[in-house]
Amino acid sequence: MDPNEVEFLGEKQLVTIIPSFTFNQIHLISGSIGPFRAGLPTQVPIWLAVNLKQQQKCRIVGQEWMDAKLLIDVKDEEKTSKFFTKMPSDHYMDETLMLLGVAPEDIPQAEEIRTIVKDLWDIRMSKLRTSVDAFMKSDSAFAKLDHLTPMEINCIRPSLPHALDQRDRIQTCGSRPRDSQDTQRS
Amino acid sequence: MSLCHSYMPNYFSIDDILSSQERVSCKIEVKLPGLGYLDVSSESPDLQSGTKLDLPHWLAYPMNSRTHPFVSIEVPKIYKEAYREILTADACAVALNKWSCYFYEFGIHLAQYEHSDCNLIQDLLLQAFKSRFRLVMDWAHNTGTDPTVGLQLPILERKLFLTGRKSRCLLISWLKEGGGSIETSEMVANHKKRKRAELEDENT
(Lines give C-alpha, C1' and ligand atoms only; values in the text may rest on other atoms or scores of the structure.)
Protein backbone atom coordinates (compact mmCIF):
# COMPACT_ATOMS: atom_id res chain seq x y z
CA MET A 1 0.00 0.00 0.00
CA ASP A 2 0.90 3.57 -0.52
CA PRO A 3 1.39 5.78 2.58
CA ASN A 4 -1.23 8.04 0.98
CA GLU A 5 -3.73 5.20 1.15
CA VAL A 6 -3.02 4.58 4.83
CA GLU A 7 -3.48 8.28 5.41
CA PHE A 8 -6.80 8.04 3.58
CA LEU A 9 -7.91 5.39 6.07
CA GLY A 10 -6.74 7.59 8.93
CA GLU A 11 -8.84 10.48 7.64
CA LYS A 12 -11.94 8.63 8.82
CA GLN A 13 -10.98 9.25 12.47
CA LEU A 14 -13.13 11.80 14.22
CA VAL A 15 -11.81 15.09 15.50
CA THR A 16 -13.54 17.90 17.40
CA ILE A 17 -13.90 21.24 15.66
CA ILE A 18 -15.51 24.53 16.57
CA PRO A 19 -17.29 25.75 13.45
CA SER A 20 -17.70 29.47 12.75
CA PHE A 21 -20.88 28.97 10.72
CA THR A 22 -24.30 27.43 11.18
CA PHE A 23 -25.51 24.60 9.02
CA ASN A 24 -27.89 21.65 9.13
CA GLN A 25 -26.91 18.07 9.64
CA ILE A 26 -25.17 16.47 6.64
CA HIS A 27 -26.16 12.90 5.81
CA LEU A 28 -23.32 10.82 4.35
CA ILE A 29 -22.95 7.12 3.63
CA SER A 30 -20.67 6.65 6.64
CA GLY A 31 -23.07 8.46 8.96
CA SER A 32 -24.50 11.86 9.70
CA ILE A 33 -22.35 14.80 10.69
CA GLY A 34 -23.36 17.91 12.53
CA PRO A 35 -25.54 19.92 12.93
CA PHE A 36 -23.11 22.83 12.96
CA ARG A 37 -23.77 25.70 15.33
CA ALA A 38 -21.31 28.54 15.30
CA GLY A 39 -19.12 28.35 18.40
CA LEU A 40 -20.34 24.93 19.57
CA PRO A 41 -17.87 22.04 19.32
CA THR A 42 -18.89 19.09 17.13
CA GLN A 43 -17.22 15.89 15.94
CA VAL A 44 -16.38 15.47 12.26
CA PRO A 45 -14.04 13.19 10.28
CA ILE A 46 -10.55 14.58 9.76
CA TRP A 47 -10.98 14.99 6.00
CA LEU A 48 -13.85 17.39 6.57
CA ALA A 49 -12.04 19.21 9.36
CA VAL A 50 -9.02 19.76 7.11
CA ASN A 51 -11.23 21.01 4.30
CA LEU A 52 -13.17 23.40 6.53
CA LYS A 53 -9.97 24.66 8.12
CA GLN A 54 -8.53 25.43 4.70
CA GLN A 55 -11.61 27.53 4.01
CA GLN A 56 -11.13 29.26 7.39
CA LYS A 57 -14.56 28.06 8.53
CA CYS A 58 -13.58 26.30 11.73
CA ARG A 59 -11.04 25.96 14.49
CA ILE A 60 -9.64 22.51 15.18
CA VAL A 61 -9.55 21.29 18.77
CA GLY A 62 -6.68 18.81 18.89
CA GLN A 63 -7.23 15.16 19.73
CA GLU A 64 -7.35 14.41 23.44
CA TRP A 65 -3.99 12.68 23.31
CA MET A 66 -2.31 15.64 21.64
CA ASP A 67 -0.84 16.80 24.89
CA ALA A 68 2.89 17.12 25.38
CA LYS A 69 2.87 15.74 28.94
CA LEU A 70 0.82 12.69 28.08
CA LEU A 71 2.91 11.98 25.01
CA ILE A 72 6.14 12.20 27.02
CA ASP A 73 4.73 9.53 29.35
CA VAL A 74 3.84 7.37 26.37
CA LYS A 75 7.30 7.86 24.95
CA ASP A 76 9.00 6.92 28.24
CA GLU A 77 6.89 3.80 28.49
CA GLU A 78 7.73 2.88 24.91
CA LYS A 79 11.42 3.41 25.62
CA THR A 80 11.53 1.18 28.71
CA SER A 81 9.25 -1.55 27.41
CA LYS A 82 10.73 -4.40 25.43
CA PHE A 83 7.52 -4.79 23.46
CA PHE A 84 5.35 -2.38 21.56
CA THR A 85 3.04 -0.42 23.83
CA LYS A 86 -0.46 0.66 22.97
CA MET A 87 -0.57 3.96 21.13
CA PRO A 88 -3.22 6.59 21.99
CA SER A 89 -4.50 6.35 18.43
CA ASP A 90 -4.20 3.76 15.68
CA HIS A 91 -3.27 6.49 13.25
CA TYR A 92 -1.17 8.64 15.55
CA MET A 93 1.43 9.45 12.94
CA ASP A 94 -0.95 10.34 10.11
CA GLU A 95 -3.27 12.32 12.41
CA THR A 96 -0.40 14.34 13.80
CA LEU A 97 0.93 15.12 10.34
CA MET A 98 -2.48 16.08 8.95
CA LEU A 99 -3.78 18.15 11.86
CA LEU A 100 -0.51 19.87 12.73
CA GLY A 101 0.13 20.48 9.08
CA VAL A 102 -3.11 22.33 8.52
CA ALA A 103 -3.70 23.95 11.89
CA PRO A 104 -0.47 24.40 13.86
CA GLU A 105 -1.84 27.58 15.47
CA ASP A 106 -4.97 25.86 16.86
CA ILE A 107 -3.17 23.17 18.80
CA PRO A 108 -1.14 24.22 21.84
CA GLN A 109 2.51 23.17 21.90
CA ALA A 110 2.33 22.04 18.28
CA GLU A 111 6.10 21.97 17.82
CA GLU A 112 6.71 19.90 20.95
CA ILE A 113 4.02 17.41 19.97
CA ARG A 114 5.50 17.10 16.51
CA THR A 115 8.96 16.36 17.94
CA ILE A 116 7.72 13.85 20.50
CA VAL A 117 5.60 11.99 17.96
CA LYS A 118 8.58 11.81 15.61
CA ASP A 119 10.74 10.43 18.44
CA LEU A 120 8.05 7.90 19.25
CA TRP A 121 7.93 6.85 15.61
CA ASP A 122 11.72 6.47 15.46
CA ILE A 123 11.84 4.37 18.64
CA ARG A 124 9.11 2.09 17.32
CA MET A 125 10.70 1.78 13.90
CA SER A 126 14.05 0.70 15.32
CA LYS A 127 12.25 -1.79 17.56
CA LEU A 128 10.39 -3.09 14.55
CA ARG A 129 13.59 -3.49 12.53
CA THR A 130 15.27 -5.43 15.34
CA SER A 131 12.32 -7.76 15.78
CA VAL A 132 11.99 -8.35 12.04
CA ASP A 133 15.64 -9.32 11.90
CA ALA A 134 15.32 -11.62 14.91
CA PHE A 135 12.25 -13.19 13.34
CA MET A 136 14.07 -13.85 10.05
CA LYS A 137 17.04 -15.44 11.82
CA SER A 138 14.84 -17.68 13.92
CA ASP A 139 13.15 -20.68 12.37
CA SER A 140 9.71 -19.74 13.61
CA ALA A 141 6.92 -19.56 11.09
CA PHE A 142 4.99 -16.79 12.77
CA ALA A 143 5.46 -13.91 15.15
CA LYS A 144 2.97 -11.91 17.14
CA LEU A 145 3.32 -8.16 17.39
CA ASP A 146 0.65 -6.30 19.31
CA HIS A 147 -0.26 -2.66 19.00
CA LEU A 148 1.39 -1.97 15.68
CA THR A 149 -0.37 0.79 13.78
CA PRO A 150 -1.28 0.48 10.08
CA MET A 151 1.37 2.98 9.00
CA GLU A 152 4.10 1.00 10.76
CA ILE A 153 2.93 -2.26 9.28
CA ASN A 154 2.99 -0.64 5.90
CA CYS A 155 6.63 0.31 6.42
CA ILE A 156 7.91 -3.24 6.36
CA ARG A 157 5.85 -4.05 3.32
CA PRO A 158 6.72 -5.41 0.87
CA SER A 159 10.21 -6.29 2.19
CA LEU A 160 9.21 -8.70 4.93
CA PRO A 161 6.42 -10.65 3.16
CA HIS A 162 8.57 -11.02 0.06
CA ALA A 163 11.59 -12.15 2.06
CA LEU A 164 9.44 -14.73 3.85
CA ASP A 165 8.21 -15.98 0.48
CA GLN A 166 11.78 -16.45 -0.68
CA ARG A 167 12.78 -18.12 2.59
CA ASP A 168 9.94 -20.53 2.10
CA ARG A 169 11.03 -21.24 -1.48
CA ILE A 170 14.55 -22.08 -0.35
CA GLN A 171 13.24 -24.19 2.52
CA THR A 172 11.06 -26.33 0.30
CA CYS A 173 13.38 -26.65 -2.70
CA GLY A 174 15.09 -29.86 -1.60
CA SER A 175 11.93 -31.65 -0.65
CA ARG A 176 10.37 -31.65 -4.10
CA PRO A 177 10.23 -35.29 -5.20
CA ARG A 178 12.22 -35.75 -8.35
CA ASP A 179 10.58 -38.95 -9.53
CA SER A 180 7.19 -37.35 -10.04
CA GLN A 181 8.84 -34.77 -12.30
CA ASP A 182 10.54 -37.46 -14.33
CA THR A 183 7.35 -39.36 -14.88
CA GLN A 184 5.61 -36.19 -15.95
CA ARG A 185 8.30 -35.55 -18.48
CA SER A 186 8.28 -39.02 -20.05
CA MET B 1 2.13 1.60 -5.80
CA SER B 2 0.24 -1.22 -7.40
CA LEU B 3 -0.09 -4.59 -5.74
CA CYS B 4 3.25 -6.29 -6.17
CA HIS B 5 3.95 -9.97 -5.87
CA SER B 6 7.20 -11.51 -4.82
CA TYR B 7 9.27 -13.36 -7.37
CA MET B 8 8.18 -16.87 -8.23
CA PRO B 9 9.72 -18.82 -11.09
CA ASN B 10 7.32 -19.67 -13.85
CA TYR B 11 7.38 -20.74 -17.48
CA PHE B 12 7.73 -17.20 -18.77
CA SER B 13 10.12 -15.91 -16.13
CA ILE B 14 13.29 -14.65 -17.87
CA ASP B 15 15.30 -14.85 -14.65
CA ASP B 16 14.36 -18.46 -14.21
CA ILE B 17 15.39 -19.26 -17.79
CA LEU B 18 18.69 -17.43 -17.40
CA SER B 19 19.43 -19.14 -14.10
CA SER B 20 18.99 -22.56 -15.71
CA GLN B 21 21.75 -21.58 -18.18
CA GLU B 22 24.39 -21.72 -15.45
CA ARG B 23 26.93 -24.45 -16.12
CA VAL B 24 27.34 -27.67 -14.19
CA SER B 25 30.46 -29.70 -14.80
CA CYS B 26 29.52 -33.22 -15.88
CA LYS B 27 31.31 -36.45 -16.56
CA ILE B 28 29.89 -38.57 -19.35
CA GLU B 29 29.14 -42.11 -18.09
CA VAL B 30 27.86 -43.77 -21.26
CA LYS B 31 29.12 -43.47 -24.81
CA LEU B 32 26.75 -41.11 -26.58
CA PRO B 33 26.73 -41.72 -30.34
CA GLY B 34 26.58 -38.71 -32.63
CA LEU B 35 27.01 -36.12 -29.90
CA GLY B 36 30.73 -35.57 -30.42
CA TYR B 37 30.14 -31.96 -31.49
CA LEU B 38 29.32 -31.05 -27.89
CA ASP B 39 32.97 -31.50 -27.00
CA VAL B 40 34.88 -29.06 -29.20
CA SER B 41 38.28 -30.59 -28.51
CA SER B 42 37.40 -34.11 -29.61
CA GLU B 43 37.38 -35.14 -33.24
CA SER B 44 35.36 -38.34 -33.02
CA PRO B 45 31.68 -38.19 -33.97
CA ASP B 46 30.68 -39.91 -30.72
CA LEU B 47 30.93 -38.58 -27.19
CA GLN B 48 33.19 -41.03 -25.34
CA SER B 49 32.44 -42.02 -21.77
CA GLY B 50 34.74 -40.39 -19.23
CA THR B 51 34.79 -37.04 -21.06
CA LYS B 52 34.35 -34.00 -18.82
CA LEU B 53 32.05 -31.27 -20.07
CA ASP B 54 30.36 -28.15 -18.74
CA LEU B 55 26.69 -28.46 -19.56
CA PRO B 56 23.95 -25.97 -18.78
CA HIS B 57 21.62 -27.02 -15.98
CA TRP B 58 18.63 -27.52 -18.27
CA LEU B 59 20.57 -30.11 -20.25
CA ALA B 60 22.45 -31.72 -17.39
CA TYR B 61 19.38 -32.23 -15.22
CA PRO B 62 17.42 -34.62 -17.46
CA MET B 63 20.62 -36.46 -18.44
CA ASN B 64 21.32 -37.11 -14.76
CA SER B 65 17.99 -38.84 -14.11
CA ARG B 66 18.08 -41.42 -11.36
CA THR B 67 17.06 -44.42 -13.43
CA HIS B 68 19.36 -43.93 -16.45
CA PRO B 69 22.16 -41.49 -15.60
CA PHE B 70 24.08 -40.62 -18.78
CA VAL B 71 26.24 -38.17 -16.90
CA SER B 72 27.43 -37.73 -13.33
CA ILE B 73 27.65 -34.20 -12.05
CA GLU B 74 29.99 -32.29 -9.83
CA VAL B 75 28.72 -29.50 -7.60
CA PRO B 76 30.17 -26.09 -8.58
CA LYS B 77 32.86 -24.88 -6.22
CA ILE B 78 30.81 -21.95 -4.87
CA TYR B 79 28.51 -24.42 -3.12
CA LYS B 80 31.36 -26.53 -1.76
CA GLU B 81 33.16 -26.81 1.54
CA ALA B 82 35.68 -23.97 1.14
CA TYR B 83 33.09 -21.43 0.03
CA ARG B 84 30.62 -22.68 2.58
CA GLU B 85 33.09 -21.82 5.30
CA ILE B 86 33.46 -18.30 3.96
CA LEU B 87 29.69 -17.87 4.16
CA THR B 88 29.52 -19.28 7.66
CA ALA B 89 32.24 -16.90 8.81
CA ASP B 90 30.44 -13.78 7.64
CA ALA B 91 27.90 -13.94 4.89
CA CYS B 92 27.41 -10.17 4.86
CA ALA B 93 30.99 -9.45 3.91
CA VAL B 94 30.79 -11.46 0.70
CA ALA B 95 29.90 -9.91 -2.65
CA LEU B 96 27.70 -12.83 -3.66
CA ASN B 97 27.18 -11.27 -7.04
CA LYS B 98 30.83 -11.96 -7.88
CA TRP B 99 30.33 -15.64 -7.17
CA SER B 100 27.24 -15.96 -9.25
CA CYS B 101 24.51 -13.57 -10.25
CA TYR B 102 22.00 -16.37 -9.72
CA PHE B 103 23.49 -17.67 -6.49
CA TYR B 104 20.16 -18.59 -4.88
CA GLU B 105 18.29 -19.54 -8.03
CA PHE B 106 21.01 -21.86 -9.30
CA GLY B 107 21.41 -23.28 -5.80
CA ILE B 108 17.72 -24.12 -5.70
CA HIS B 109 18.08 -25.89 -9.05
CA LEU B 110 21.13 -27.79 -7.83
CA ALA B 111 19.37 -28.97 -4.70
CA GLN B 112 17.20 -31.17 -6.89
CA TYR B 113 20.07 -33.37 -8.11
CA GLU B 114 20.76 -36.73 -6.54
CA HIS B 115 24.18 -36.00 -5.15
CA SER B 116 25.59 -36.18 -1.65
CA ASP B 117 26.72 -32.53 -1.67
CA CYS B 118 23.37 -31.31 -2.95
CA ASN B 119 21.58 -32.00 0.31
CA LEU B 120 23.78 -29.47 2.03
CA ILE B 121 23.08 -26.71 -0.49
CA GLN B 122 19.63 -25.97 0.85
CA ASP B 123 20.97 -25.36 4.34
CA LEU B 124 23.74 -23.21 2.97
CA LEU B 125 21.34 -21.03 0.99
CA LEU B 126 18.96 -20.70 3.91
CA GLN B 127 21.67 -19.63 6.35
CA ALA B 128 23.15 -17.19 3.87
CA PHE B 129 19.77 -15.67 3.06
CA LYS B 130 18.77 -15.29 6.69
CA SER B 131 21.98 -13.64 7.79
CA ARG B 132 22.12 -11.33 4.78
CA PHE B 133 18.51 -10.17 5.04
CA ARG B 134 19.36 -7.54 7.65
CA LEU B 135 21.98 -6.09 5.33
CA VAL B 136 19.59 -5.95 2.39
CA MET B 137 16.83 -4.44 4.50
CA ASP B 138 19.14 -1.82 5.99
CA TRP B 139 20.39 -0.82 2.57
CA ALA B 140 16.85 -0.54 1.30
CA HIS B 141 15.67 1.50 4.25
CA ASN B 142 18.61 3.83 4.38
CA THR B 143 17.99 6.50 1.80
CA GLY B 144 21.58 7.65 2.01
CA THR B 145 22.69 4.50 0.24
CA ASP B 146 23.92 4.70 -3.28
CA PRO B 147 21.14 3.26 -5.50
CA THR B 148 23.69 1.30 -7.53
CA VAL B 149 24.56 -0.74 -4.45
CA GLY B 150 21.80 -3.13 -5.53
CA LEU B 151 23.98 -4.26 -8.40
CA GLN B 152 26.27 -5.97 -5.90
CA LEU B 153 23.49 -8.30 -4.84
CA PRO B 154 22.43 -11.52 -6.52
CA ILE B 155 19.14 -11.32 -8.43
CA LEU B 156 16.91 -12.63 -5.65
CA GLU B 157 18.19 -10.14 -3.09
CA ARG B 158 18.28 -7.36 -5.66
CA LYS B 159 14.55 -7.68 -6.23
CA LEU B 160 13.92 -7.43 -2.48
CA PHE B 161 16.20 -4.42 -2.29
CA LEU B 162 14.50 -2.59 -5.14
CA THR B 163 10.94 -3.12 -3.91
CA GLY B 164 11.97 -2.20 -0.36
CA ARG B 165 13.67 0.92 -1.58
CA LYS B 166 10.70 1.97 -3.68
CA SER B 167 8.30 1.74 -0.76
CA ARG B 168 10.79 3.58 1.43
CA CYS B 169 10.98 6.47 -1.02
CA LEU B 170 7.19 6.73 -1.02
CA LEU B 171 7.16 6.87 2.76
CA ILE B 172 9.86 9.54 2.90
CA SER B 173 8.06 11.70 0.39
CA TRP B 174 4.84 11.27 2.37
CA LEU B 175 6.57 12.34 5.59
CA LYS B 176 8.04 15.38 3.88
CA GLU B 177 5.21 16.58 1.73
CA GLY B 178 2.14 14.97 3.20
CA GLY B 179 -0.43 13.07 1.20
CA GLY B 180 -0.78 13.71 -2.47
CA SER B 181 -3.74 12.60 -4.46
CA ILE B 182 -4.63 8.92 -4.56
CA GLU B 183 -4.51 7.41 -8.02
CA THR B 184 -6.83 4.83 -9.48
CA SER B 185 -5.29 1.42 -9.01
CA GLU B 186 -3.95 -0.14 -12.18
CA MET B 187 -6.29 -3.08 -11.83
CA VAL B 188 -9.36 -0.88 -11.74
CA ALA B 189 -8.14 1.29 -14.61
CA ASN B 190 -7.49 -1.73 -16.81
CA HIS B 191 -10.73 -3.42 -15.86
CA LYS B 192 -12.83 -3.75 -18.98
CA LYS B 193 -16.07 -2.30 -17.78
CA ARG B 194 -18.87 -1.78 -20.22
CA LYS B 195 -19.43 1.92 -20.43
CA ARG B 196 -22.93 3.23 -20.04
CA ALA B 197 -22.74 5.01 -23.39
CA GLU B 198 -22.01 1.71 -25.14
CA LEU B 199 -24.95 0.04 -23.42
CA GLU B 200 -27.28 2.74 -24.58
CA ASP B 201 -25.98 2.42 -28.12
CA GLU B 202 -26.77 -1.28 -28.05
CA ASN B 203 -30.30 -0.69 -26.83
CA THR B 204 -31.20 1.78 -29.53
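The chains referred to below are lettered A, B, ... by the order of the sequence lines, with proteins before strands, and numbering in each begins at 1. None of the values given here were measured: they were computed from a predicted structure.
- Using a cutoff of 4.0 Å between basic side-chain nitrogens and carboxylate oxygens, A:K127 and A:E152 are not scored as salt-bridged.
- The two residues A:F84 and A:E78 make their nearest non-hydrogen contact at CA-OE2, 3.9 Å.
- Here A:K118 pairs with A:D122 in a salt bridge; the nearest charged N to carboxylate O distance falls below 4.0 Å.
- B:Y102 and B:S20 share no side-chain donor-acceptor pair at under 3.5 Å.
- Residue B:D123: no heavy atom, backbone or side chain, is found under 4.5 Å from chain A.
- Between the B:N10 side chain and the B:F12 main chain, a donor and an acceptor come within less than 3.5 Å of each other.
- When heavy atoms are compared at a cutoff of 4.5 Å, A:M125 approaches chain B solely by way of its side chain, counted from C-beta outward.
- Residue contact with chain A, scored on non-hydrogen atoms closer than 4.5 Å, is absent for B:H109.
- Both the backbone and the side chain of A:D94 come within less than 4.5 Å of a heavy atom in chain B.
- Proximity to chain A involves both the backbone and the side chain of B:Y7, based on heavy atoms less than 4.5 angstrom apart.
- Residues that satisfy the side-chain contact (heavy atoms from CB on, under 4.5 Å) test with A:K75, not counting sequence neighbours, are A:K79, A:I116, A:D119, A:L120, A:I123.
- Heavy-atom distances place the side chain of B:R168, and not its backbone, under 4.5 Å from chain A.
- Side-chain rings of B:W99 and B:Y83 approach one another, their centers coming within less than 6.0 Å.
- Using a cut-off of 4.0 Å between Lys/Arg side-chain N and Asp/Glu carboxylate O, A:D106 and A:K53 are scored as salt-bridged.
- With a 4.5 Å cut-off on side-chain heavy atoms, A:P3 and A:N154 count as touching.
- Residues of residues 124-134 of chain B having a heavy atom under 4.5 Å from any heavy atom of chain A, listed by number: B:L125, B:L126, B:F129, B:K130, B:S131, B:F133, B:R134.
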